[in-house]
Amino acid sequence: MAPTAQFPARIAELQTLLATDGAEAVVDLLVALGEQTRGAWGFGEPSVRDVLSASPGRRRAALLRLLLDRARTARTAASADHLYELAEWLAHGLSLPDRAEELALVLDVAGQRWTCHDPDLIGTAWDLLDRGRPLPADFLATLRRTVAGTYHTKVFAALLAKVPAPPLLNLGEAWADRVLADVAELGQPWHDLVAHAATATPTKITKAFEKRGRALLDTVGADKAADVLGGWLTLVGRSRTRPLVRRHYDGDVNELYDPVNATTLRGLIWLAGLLPPRPETARLLGAVVETSLRKAAGVGPRSPKIANTAVHTLARLESDEALAQIARLAARVTYKGTLKELNTALDTRAQALGLSRAEVEELAVPAYGLTEVGRRVDHFGEVRAETVVGAGGVHTSWHTAAGRVVKSAPAAVRRDHAEQLRELKAAGKDIEQMLAAQAERLDRQFLARRSWAYPAWRARYLDHPLLGTLARRLIWVIGEQQAVAWSAAGLTTLDGTVAEPEPDATVRLWHPIGRPVDEVLAWRERLERDQVVQPFKQAHREVYLLTAAEENTRTYSNRYAAHVLRQHQFHALAAARGWRNRLRLMVDDEYPPATRELPEWGLRAEFWVEGAGHEYGADTTDSGAYLHLATDQVRFYALDAPGHSAHAGGGGYHRSWRDRPADGIPLDQVPPLAFSEVMRDVDLFVGVASVGNDPTWQDGGPEGRFLDYWTSYSFGELTATAQTRRDLLRRLVPRLAIADRATVEDRFLVVRGDLRTYRIHLGSGNILMSPNDQYLCIVASQSAAAGTGGVFLPFEGDRVLAVILSKAMLLARDSAITDPTITRQIQR
């Protein structure tokens, strides 16, 4: 609440503005007052409401409309809510000469919410209908969403039943707006097609729907239907065209799918699946799955219903492109319900083909027009486009008829070959997405214990036009021990000898655990010398061996205990790495630990975490989810062993209310590779999600409670990942442009600038300045985190290393820094 002494002056200012200035200036002040008083519009004598009540109806109506505009674009949900509450009050106190206009404005205000349960508005709506006026489009959409929901009274449904000729869809979503516009232009057959789509209430397509759908598609024409439906589906998930006002305690409703429209969208997806297969159809459906699973704040995935519908439709399509999308999505999707549907689709296809699930995933990867490993050539008349796929991504170069290389497609190509050009660009995006998915799938093969017969591996990986771009940057083991990698001479051993495997030899991915140290170092040197960028850490992969402390504790590891993690970031990382985890809420409930099942090893790994904090609001999101977690032990159990749980706010894990936790499997009996990979995951969780690597947390976070932890983590001992980073930097720094100004010393990369000397911690990326170890806060930009300024790195995916290098490059030339947030700290 604003200090009482200031409030009368702001009220006086409001009175003056109402008498002299336009509505914009008044609303500017109301926005400021709303944030200052937290929406306490009735506070004070006179209050904001008292002052506004004296305004005539037309003046209040103008203010009301402006308030709604500001509410829809407010900085925070709380501010939007406060402004909307004032608009509601203004609307109910209106007195306009035209009663119908007044009623419509009241309902228009109500239509700015996701749903509405105020029964008084039903009478207002009936009154407007009785006067021969239609309900405002936004209110009608809100009413339909309310009736589509679980909780509403019968009077809402009764009113909706009396609305004459409601539109096919609610306005406000980009795809729905396009459908309504196209149907109005294309005529009755298209109206009938969309109306039929609205009957898609079952979870899966029925024979009756399919029969009627095929007849309607025949009426409008298959090619035309494919073009139009494709245009609609490309817009699914776009930002709302008519934003809604969100209550501060609600989820982000502007990211959700309108439930009234969702049923029709499901039907349109079914109809798209009935058309003759096109490559772009599978691509569109894959995109719908991903955008439908994108999370909305306070809600979770936007529409699992639509994601699952798209998966079911992909599974029905008899095309290689559809299978490729399913395989790609299965490697990327983490939402359990949809992942289950994807796995079922792949298992069904595998059974039909008489292959294993893993083989289907491999065979599903298309070539995307590549005629040799990493290379595709397209001809557009006399112009040639060469697409190259490699560690740097997908790049297309254009060659004119005269042999000149140009950066982009010539005008003649854009004019005469537009469709072929669109397909080339779409293939490039598909390749990038598929490569990311396949790199993740390959990274998981260590724990999957996957091996291949040499001829199959050669065809599916090494010589595959797309997968070959990954396989040729990795190290493989042929037979029992022979480690090989690709080079200009072909498959060669570490010393450059060409390998000649027997046809019956087996192949598996090389892992540094159990290999001689000299061999591991030699492979690293070869990759760095040849500037081979591996798609994930392999030669430089961290190895986690049992420590003396873990040998003493026997059945559990405290190596990553007592850390403070950002819960939502940890949750996302855990899902991406194949762990099962539940977001913890500040409620009286029990939660299992984060768990990773290792069926090929007969094991289950548990990482014990608990909610950190005790104050609702300060330590939680608006929906009650903990912002931070405290970490504890890592344990291993038999795959079918009883699970554990702990109270959301702590108190220790147990098998039941009375039983202590089971001891688990002694760590020295866990296979070394399984132990190492699980501990690597946990190291990743801590290294990425810890509040200690956030440079803005030097104050220790809420009430300074985590200051000691932040300090100890930011500049403390290095984890295994950070030690690998240090080893690489020792070899890398002498080749940098700042080699004369940078050295690696213990836990830090030390950089000598013109003004100061800086120590960048190799674990957190945080910085201390000489003299006196003053802290320097630099928040890395997304571009800094994504790239390394042209510096060669032998693997992808280490964001912290990229940040460290970008900071080092910046600070080595500190006298040239112009950012005042940095220069003020340096010059203090």
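Quick caveat: nothing in here was measured; it's all calculated off a predicted structure.
Separation of atoms OG1 (T338) and NZ (K305) is listed at 13.5 Å; rounding is to 0.5 Å. Here the straight-line distance linking atom CG of L64 with atom CG of L94 works out to 6.0 Å at 0.5 Å rounding. Of the inter-residue distances, the one linking L128 atom CG with R99 atom CZ reads 9.5 Å to the nearest 0.5 angstrom. T115 OG1 to R144 CZ: the interatomic distance, rounded to the nearest 0.5 Å, is 15.5 Å. A distance of 13.5 Å separates CG in L67 from NE2 in H82, rounded to the nearest 0.5 Å. Residue L314 holds its CG atom at 12.5 Å from CZ of R283, rounded to the nearest 0.5 Å.
Taking the six-membered ring where tryptophan is involved, the planes of F706 and W697 are essentially parallel, since the angle between them stays under 30° and well short of 60°.
Neither side chain, N170 nor N261, offers a donor N or O lying under 3.5 Å from an acceptor on the other. Side-chain atoms of D588 and H647 include a donor-acceptor pair closer than 3.5 Å.
Of the possible donor and acceptor atoms, none in the side chain of T263 sits under 3.5 Å from a partner among the backbone N and O of V260. Under the 3.5 Å distance criterion, the side-chain polar atoms of S645 are left unmatched by any main-chain donor or acceptor of P592. The backbone N or O of H563 lies less than 3.5 Å from a partner atom in the side chain of T631, making a donor-acceptor pair. In terms of modelled atom types and a separation under 3.5 Å, the side chain of T291 and the main chain of V288 share no donor-acceptor contact. Remark: the backbone N or O of D258 is paired with a side-chain donor or acceptor of E173 at under 3.5 angstrom. Under a 3.5 Å cut-off, the side chain of T620 and the backbone N or O of G617 do form a donor-acceptor pair. Put simply, the side chain of R266 gets close to the backbone of A200: a donor and an acceptor are under 3.5 Å apart. Here the side chain of D177 pairs a donor or acceptor atom with the backbone of G172 at under 3.5 angstrom. Panel note: side chain S292, backbone V289; no donor-acceptor pair is recorded below 3.5 Å. A side-chain donor-acceptor contact under 3.5 Å links R246 to the backbone of D250.
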Candidate pair L629 and V564, rule side chain to side chain contact (heavy atoms under 4.5 Å, CB included), full reasoning: CA-CA 6 Å; L629 299 175; V564 180; over 6 Å; no
D50 vs S47, side chain to side chain donor-acceptor pair (under 3.5 Å): CA-CA, chis, key distance, verdict: CA-CA 5 Å; D50 293 335; S47 67; 3.2 Å; yes
Intermediate values then yes/no, side chain to side chain contact (heavy atoms under 4.5 Å, CB included), Y257 and V236: CA-CA 9 Å; Y257 288 8; V236 172; 3.5 Å; yes
Verdict with reasoning, V179 to W190, per side chain to side chain contact (heavy atoms under 4.5 Å, CB included): CA-CA 9 Å; V179 170; W190 287 91; over 6 Å; no
Residues R72, L244; criterion side chain to side chain contact (heavy atoms under 4.5 Å, CB included); working and verdict: CA-CA 6 Å; R72 285 189 288 262; L244 298 166; over 6 Å; no
Test salt bridge (Lys or Arg N to Asp or Glu O under 4.0 Å) applied to D589 and R582, step by step: CA-CA 12 Å; D589 196 6; R582 286 173 55 194; 3.8 Å; yes
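A100 and R133 make their closest contact through CB-NH1, 3.3 Å (heavy atoms, listed as atom of the first residue, atom of the second, distance). For the pair C777 and Q698, the tightest heavy-atom approach, listed with the atom from each and the gap, is CB-NE2, 4.2 Å. In terms of heavy atoms, L627 sits closest to T621 at CD2-CG2, 3.7 Å. Considering every non-hydrogen atom in both P695 and I778, the closest pair reads CG-O, 3.6 Å. A pairwise comparison of heavy atoms in R584 and P593 identifies NH2-CA, 3.8 Å as the closest pair. Across all their heavy atoms, D108 and P136 have their closest contact at OD1-CB, 3.9 Å.
In summary, R58 and E101 engage in a salt bridge, as defined by a charged side-chain N under 4.0 Å from a carboxylate O. Contact check on R113 versus D138 returns no salt bridge, with no Lys/Arg side-chain nitrogen under 4.0 Å from an Asp/Glu carboxylate oxygen. Looking at R240 and E255, no side-chain N of the basic residue comes within less than 4.0 Å of a carboxylate O on the acidic one, giving no salt bridge. No salt bridge links K162 with D130; every basic N to acidic carboxylate O contact stays at or beyond 4.0 Å. Under 4.0 Å is where a charged nitrogen must lie from a carboxylate oxygen, and between R10 and E13 at least one such pair does. Under a 4.0 Å N-O distance rule, the pair R65/D69 does not qualify as a salt bridge. Residues R577 and E440 are not paired through a salt bridge, judged by the lack of any N-O separation under 4.0 Å between the basic side chain and the carboxylate. Between E290 and R328, at least one side-chain N (NZ, or NE/NH1/NH2) sits under 4.0 Å from a carboxylate O, which counts as a salt bridge.
Within the 4.5 Å cutoff, side-chain heavy atoms of L585 are placed close to those of Y591. Under the 4.5 Å side-chain criterion, counting only non-hydrogen atoms from C-beta, L63 is in contact with L18. Using a 4.5 Å cut-off on side-chain heavy atoms (C-beta onward), Q112 and R242 make no contact. Proximity of F685 to S690: side-chain heavy atoms (C-beta onward) are nowhere separated by under 4.5 Å. Residues V48 and I11 have side chains in contact (heavy-atom distance under 4.5 Å, counting atoms from C-beta outward). A 4.5 Å side-chain heavy-atom check between L265 and L169 finds every atom pair outside the cut-off. Two residues are said to be in side-chain contact when any heavy atoms from C-beta on lie closer than 4.5 Å; V691 and L565 fail this criterion. Between R131 and W126, the closest side-chain pair of non-hydrogen atoms is not below 4.5 Å.
Residues H628 and W710 place their aromatic rings such that the two centres sit no closer than 6.0 Å.
Cation-pi geometry between R145 and W114 is met: the NZ or CZ atom falls under 6.0 Å from the ring centre, inside 45° of the normal.
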